[in-house]
Colleague: 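Structure in structure tokens, see below.
What you see is a predicted model; the values in this text were computed from it and never measured. The sequence lines fix the lettering, A, B, ..., with proteins before strands; numbering per chain opens at 1.
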Amino acid sequence: MTTLSCQPYKGARDYYPADKRVQNYIFRTWHRVMQLHGYEEYGVPLLEPLEVYAAKSGKELVSEQTYSFTDRGDRKVAIRPEMTPSLSRMVAAKRQELGYPARLYNIGNYLRYERPQKGREREFWQLNTDIFGVEGELPEAEVIGIASEIMKAFGATEKMFVIKINNRNLINYMMAHYLGLDAVQAQLMMKLFDRKNKIEASEFKDQASEIFGADAADAGLHKIATLTAAHSIADLPEDLRNNQAVQEVQKVFTLLEQAGVKNAVFDITLMRGLDYYTGTVFEVFDTDPDNNRSILGGGRYDGLVGLFGVEPISAVGFAQGTTTLEIFLSAHKLLPELPSTTEIGIIPLGTTLQGALKLAARLREEGVKTEVDITERKLDKQIKSVVKKQVQFIIFVGDEELASEQYPFKDTATAEEEKLSFERIVSKVKDRRRGSSGDDEFAEFFE
RNA sequence: GCGAAUGUAGCUCAUCUGGUUAGAGCGCCGGGUUGUGGUUCCGGAGGUAGUGGGUUCAAUCCCCAUCAUUCGCCCCA
């Protein structure tokens, strides 16, 4: 008989209670910010017909990175590698019944068959948020503003992250008309732009001139230098500035300024890999040069709903994953202390287990999350277990306590202990609840 | 899919250029204390050195393969 491995599947993680607390903290914050902005939660199936992704997601994502199989009915099926196509399908199906603007969000897990590494897992969890049915730049500004608020809700300051913004129409115009590239060259150049911040300046230059070809290299490089030096619309060369797409970008920036978002910048090198984007694209980056990593990304994708045979509906959205967000939060020391959801551990003294169980039942009636140690081990072992589980309080229950109804009530963090009545204990725990999380009105997200 | 590094106890690591029964710290379990932990003392369990093959009188150490982990590329959350 061979022994089974304890390791989880490659690229997937086990979430022990301490890990799950971190994940739930992130989920809770996401729920709170999205609901405050009037977004409603929805859900989609884990499985989709493969062609839902084949249509628009991008070649590599579908052919190389999708977990797909043929089901017993001979259907080609994929486990969702992303949300947007499913959501577009869903919106298309009920496009006449939804109230617009349709503001929707979801928190779910996805699978991509990739080589795992730092900030990348095969199974990952992300927030998806989208607004449907509004043309113009207002949805972009709204969604980017929410992205910024999410970052701040996690405690990030504007110095810690930057919102980079670009526009697909501008990119296309720039590639074809300003730089004079054909489709193949443009594709290569987009990939190169995408990597600009990850490679040496000289390497960027070499590869760029190779794409231009010997004849056009000098003029092309000169133009690219002008482009990459541009940190706002105003810095762009005049040939580009009059383009319609530039006006769109300008409008987005004006709206963000009015909304008080100060850390958004124009970045002509921002590309985004997915094929379905049609207008504004944006990403949030860590400003720490050691973590040159995108922690949120999205854009406008007006064509996707129309693929399902209905009139197109304009759409803007973004996704943020827990994997890279966790790296960001811990690097900036933004992860709070997250104690156990269990608030009280009761330790029976001597032969008072029945009394302890009754006390626990009374506490639960008051909504206090309570466990009882039923191991009958030595006292110090029981205390150690409660502390290890990061439960906040201990009540010791012996015959004396049951008679007097005054219980030694210990704070495991400070080691302070006092004798309290049942009522005082309940109010202490509830005070602590309000004080620590600060968002008791969202207590339902603690589930 | 490509490149590189690593793999010894639950965790972090020793074991000097291959040489007797592979060690330590932390953790875990038990006891000193039939009512108080994270900072005491004593004892104990736990390893076919990722796995398989090869070289050798002899392999944790050298070689090959394989698997896993990590870091990059590609791509992306």
Side-chain angles (χ1 to χ4, degrees), chain A residues 2-3 5-13 16 26 30 57-66 80-84 107-129 147 150 190-192 194-195 198-199 203 270-275 281 283-286 292-298 317-328 345 347-352 356 373 375-391 393-401 407-419:
Chain A
T2 55
T3 52
S5 168
C6 292
Q7 280 179 337
Y9 172 69
K10 187 184 180 77
R13 283 170 65 182
Y16 292 91
I26 291 172
W30 280 343
S57 289
K59 267 197 294 291
E60 177 150 5
L61 184 56
V62 178
S63 60
E64 311 282 342
Q65 300 181 350
T66 299
R80 61 188 186 196
E82 58 161 337
M83 172 57 85
T84 308
I107 296 168
N109 53 342
Y110 301 85
L111 287 172
R112 288 184 195 171
Y113 193 83
E114 296 187 274
R115 193 77 166 257
Q117 56 189 265
K118 192 174 187 186
R120 192 171 74 187
E121 298 168 286
R122 286 187 171 178
E123 183 186 31
F124 58 95
W125 295 75
Q126 65 180 29
L127 163 73
N128 272 267
T129 171
I150 286 174
M190 282 172 73
K191 291 207 168 178
L192 182 60
D194 207 16
R195 284 188 299 146
K198 296 179 105 178
I199 60 180
E203 199 186 338
L270 181 73
M271 294 292 139
R272 297 204 45 77
L274 296 169
D275 290 344
V281 287
E283 280 185 35
V284 172
F285 277 82
D286 192 342
N292 187 13
R293 191 182 291 279
S294 168
I295 41 186
L296 179 154
F318 67 81
Q320 174 164 50
T322 59
T323 315
T324 47
L325 179 61
E326 257 190 80
I327 293 172
F328 174 85
I347 297 180
L349 302 169
T351 55
T352 53
D373 194 316
T375 61
E376 300 181 304
R377 286 173 303 172
K378 291 178 56 170
L379 184 58
D380 62 326
K381 306 294 177 193
Q382 297 195 38
I383 294 170
K384 279 184 185 173
S385 293
V386 175
V387 171
K388 182 184 273 186
K389 288 193 256 185
Q390 292 176 280
V391 173
F393 301 109
I394 296 173
I395 298 177
F396 297 98
V397 180
D399 292 328
E400 206 179 291
E401 286 74 16
Y407 307 94
F409 180 75
K410 184 168 200 147
D411 186 324
T412 56
T414 63
E416 280 167 28
E417 184 174 324
E418 53 187 330
K419 282 211 167 192

Colleague: Can you tell me, in whole Å, how much space there is between the P of B/C62 and that of B/U6?
Modeller: 10 Å
Colleague: I'd like the P distance from B/G38 over to B/A45, given in whole Å.
Modeller: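 The answer is 24 Å between these two P atoms.
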Colleague: Return the minimal non-hydrogen interatomic distance between A/Gln320 and A/Ile150, and the atom names on each side.
Modeller: OE1-CG2, 3.4 Å
Colleague: Rounding to the closest angstrom, what is the interatomic distance between B/G52 and B/C73 at atom P?
Modeller: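 B/G52 and B/C73 have their P atoms separated by 35 Å.
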Colleague: Starting at atom CG of A/Leu379, determine the distance to atom P of B/G32, rounded to an integer number of angstrom.
Modeller: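 Computing the A/Leu379:CG to B/G32:P distance gives 13 Å.
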Colleague: Need the pair for B/A68. Rule: Watson-Crick or G-U wobble, both distances under 3.5 Å, any strand; none if unpaired.
Modeller: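 Base partner found: B/U6.
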Colleague: Separation of A/Glu416 atom CD from B/U36 atom C1', in whole Å?
Modeller: 15 Å
Colleague: Expressed as a whole number of Å, how far does the P atom of B/U21 sit from that of B/A58?
Modeller: 15 Å
Colleague: Of all heavy-atom pairs between A/Gly11 and A/Glu121, which one has the smallest distance, and what is that distance?
Modeller: O-CB, 3.3 Å
Colleague: Atom CG of A/Asp411 and atom P of B/G38: how far apart are they, to the nearest Å?
Modeller: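 Rounded to whole Å, this separation is 16 Å.
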Colleague: Which whole number of Å gives the distance between the P atom of B/G3 and that of B/C64?
Modeller: 15 Å
Colleague: Using Watson-Crick or G-U wobble geometry with both distances under 3.5 Å, which nucleotide pairs with B/C73?
Modeller: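 Paired with B/G1.
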Colleague: Any base atoms under 4.0 Å from A/Lys410, or only sugar-phosphate, or nothing? Heavy atoms, all strands.
Modeller: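 Counting heavy atoms under 4.0 Å across all strands, the contact made by A/Lys410 includes a base.
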Colleague: May I ask you to say what A/Glu417 touches in the nucleic acid, namely base, sugar-phosphate or nothing, with a heavy-atom cut-off under 4.0 Å?
Modeller: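 A/Glu417: base contact, heavy atoms under 4.0 Å.
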Colleague: May I ask you to verify whether the side chain of A/Arg112 and the base of B/C76 hold a donor-acceptor pair under 3.5 Å?
Modeller: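 No pair found.
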Colleague: Hey, what are the protein-to-nucleotides 40-46 of chain B N/O distances that come in under 3.5 Å?
Modeller:
none

Colleague: Can A/Phe124 be said to stack with the base of B/A77, given centres closer than 5.5 angstrom and planes under 30 degrees apart?
Modeller: yes
Colleague: Return the 5'-most residue of the pair A/Arg293, A/Gln320 with respect to RNA chain B, ranking by each residue's nearest nucleotide.
Modeller: A/Arg293
Colleague: Give the rounded distance in Å between these two atoms: CD1 of A/Ile347 and C1' of B/U34.
Modeller: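 Taking atom C1' of B/U34 as the reference, CD1 of A/Ile347 is at 16 Å.
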Colleague: A/Gln390 near the nucleic acid: base, sugar-phosphate alone, or nothing, with a heavy-atom cut-off under 4.0 Å?
Modeller: nothing
Colleague: Measure the shortest side-chain to side-chain distance between A/Ile295 and A/Phe285 over non-hydrogen atoms and say whether it is less than 4.5 angstrom.
Modeller: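 SC-SC contact between A/Ile295 and A/Phe285 ruled out.
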Colleague: Could you please name the partner base of B/U40, counting Watson-Crick and G-U wobble pairs only when both distances are under 3.5 Å?
Modeller: B/G32
Colleague: Can a donor-acceptor pair be found, under 3.5 Å and without considering hydrogens, that links the side chain of A/Gln382 to the backbone of A/Leu379?
Modeller: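 Flag not set: sc A/Gln382 to bb A/Leu379 has no pair under 3.5 Å.
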Colleague: A/Arg122 has an atom CZ; how far is it from atom C1' of B/A77, in whole Å?
Modeller: 16 Å
Colleague: What are the two closest heavy atoms between A/Ala415 and A/Lys410, and how far apart are they?
Modeller: O-CE, 3.8 Å
Colleague: Taking only side-chain N and O atoms of A/Gln117, does any of them lie within less than 4.0 angstrom of OP1 or OP2 on B/G72?
Modeller: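 Checking B/G72 against A/Gln117, a side-chain N or O does come within under 4.0 Å of OP1 or OP2.
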Colleague: Within a radius of less than 6.0 Å around NZ of A/Lys118, do more than 12 heavy atoms belonging to other residues, nucleotides or ligands occur?
Modeller: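 Check fails, neighbour count at 12 or below.
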Colleague: Please tell me which of A/Ala415 and A/Gly119 maps to the more 5' nucleotide of RNA chain B, matching each residue to the nucleotide holding its nearest heavy atom.
Modeller: A/Ala415
Colleague: For A/Asp194 and B/C74, give me the distance from atom CG to atom P, rounded to whole Å.
Modeller: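 Rounding to the nearest Å, CG of A/Asp194 and P of B/C74 are 9 Å apart.
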Colleague: Should A/Lys388 be listed as having a side-chain N or O under 4.0 Å from OP1 or OP2 of B/C28?
Modeller: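 Yes, because at least one side-chain N or O of A/Lys388 sits under 4.0 Å from OP1 or OP2 of B/C28.
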Colleague: Looking at A/Lys191, does any N or O in its side chain come under 4.0 Å of the phosphate oxygens OP1/OP2 on B/C75?
Modeller: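 For B/C75, OP1/OP2 do have a side-chain N/O of A/Lys191 under 4.0 Å.
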Colleague: With a non-hydrogen cut-off below 4.0 angstrom, is A/Thr323 in contact with a base, only sugar-phosphate, or nothing?
Modeller: base
Colleague: Using Watson-Crick or G-U wobble geometry with both distances below 3.5 Å, tell me the partner of B/U55, or none.
Modeller: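 None - no nucleotide pairs with B/U55, as no candidate has both distances under 3.5 Å.
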Colleague: Can you tell me if OH on A/Tyr9 sees more than 12 non-hydrogen neighbours from other groups inside 6.0 Å?
Modeller: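 Check passes, neighbour count above 12.
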Colleague: On the side chain of A/Glu283, is there an atom forming a donor-acceptor pair with the base of B/A77 - under 3.5 Å, no angle test?
Modeller: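 Absent.
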Colleague: Counting only side-chain heavy atoms from C-beta out, which of B/A77, B/G31, B/A4 sits nearest to A/Arg115?
Modeller: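 Closest of the options to the side chain of A/Arg115: B/A4.
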Colleague: Show the nearest heavy-atom pair for residues A/Glu400 and A/Lys419, with the distance to one decimal.
Modeller: OE2-NZ, 3.8 Å
Colleague: Among B/G35, B/U36, B/C29, which nucleotide sits nearest the side chain of A/Arg377?
Modeller: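 So the nucleotide nearest the side chain must be B/C29.
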Colleague: Does any donor-acceptor pair link the side chain of A/Glu401 with the base of B/G35 at a separation under 3.5 Å?
Modeller: yes
Colleague: So, is A/Arg272 near the phosphate of B/C75, with a side-chain N or O under 4.0 Å from OP1 or OP2?
Modeller: no
Colleague: Taking B/C61 as the reference, what is the distance to B/A22 when you measure between their C1' atoms (whole Å, please)?
Modeller: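 Looking at atom C1' only, B/A22 and B/C61 are 12 Å apart.
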Colleague: Does the structure show a Watson-Crick or G-U wobble partner for B/U20, both distances under 3.5 Å? Name it, or say none.
Modeller: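 Across any shown strand, B/U20 pairs with none.
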Colleague: Take the protein atom NZ of A/Lys10 and the nucleotide atom P of B/G7, then report the distance between them rounded to whole Å.
Modeller: 17 Å
Colleague: List the steps and the verdict of side chain to side chain contact (heavy atoms under 4.5 Å, CB included) for A/Arg112 and A/Tyr110.
Modeller: CA-CA 7 Å; A/Arg112 288 184 195 171; A/Tyr110 301 85; 5.6 Å; no
Colleague: For nucleotides B/U60 and B/C74, find the distance between their P atoms and express it as a whole number of Å.
Modeller: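 Approximately 41 Å lies between the P atom of B/U60 and that of B/C74.
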Colleague: Could you work out the separation of B/G32 and B/U20 based on their C1' atoms and round it to a whole Å?
Modeller: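 To the nearest whole Å, 38 Å.
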Colleague: Paired with B/C11 by Watson-Crick or G-U wobble geometry, both distances under 3.5 Å: which nucleotide is it?
Modeller: B/G25
Colleague: Within the structure shown, what part of the strands sits under 4.0 Å from A/Thr412 by heavy-atom distance: base, sugar-phosphate, or nothing?
Modeller: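 Base, at least one base heavy atom under 4.0 Å.
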Colleague: Without decimals, in angstroms, what is the distance between A/Gln65 CD and B/A77 P?
Modeller: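 In whole Å, B/A77 P lies 10 Å from A/Gln65 CD.
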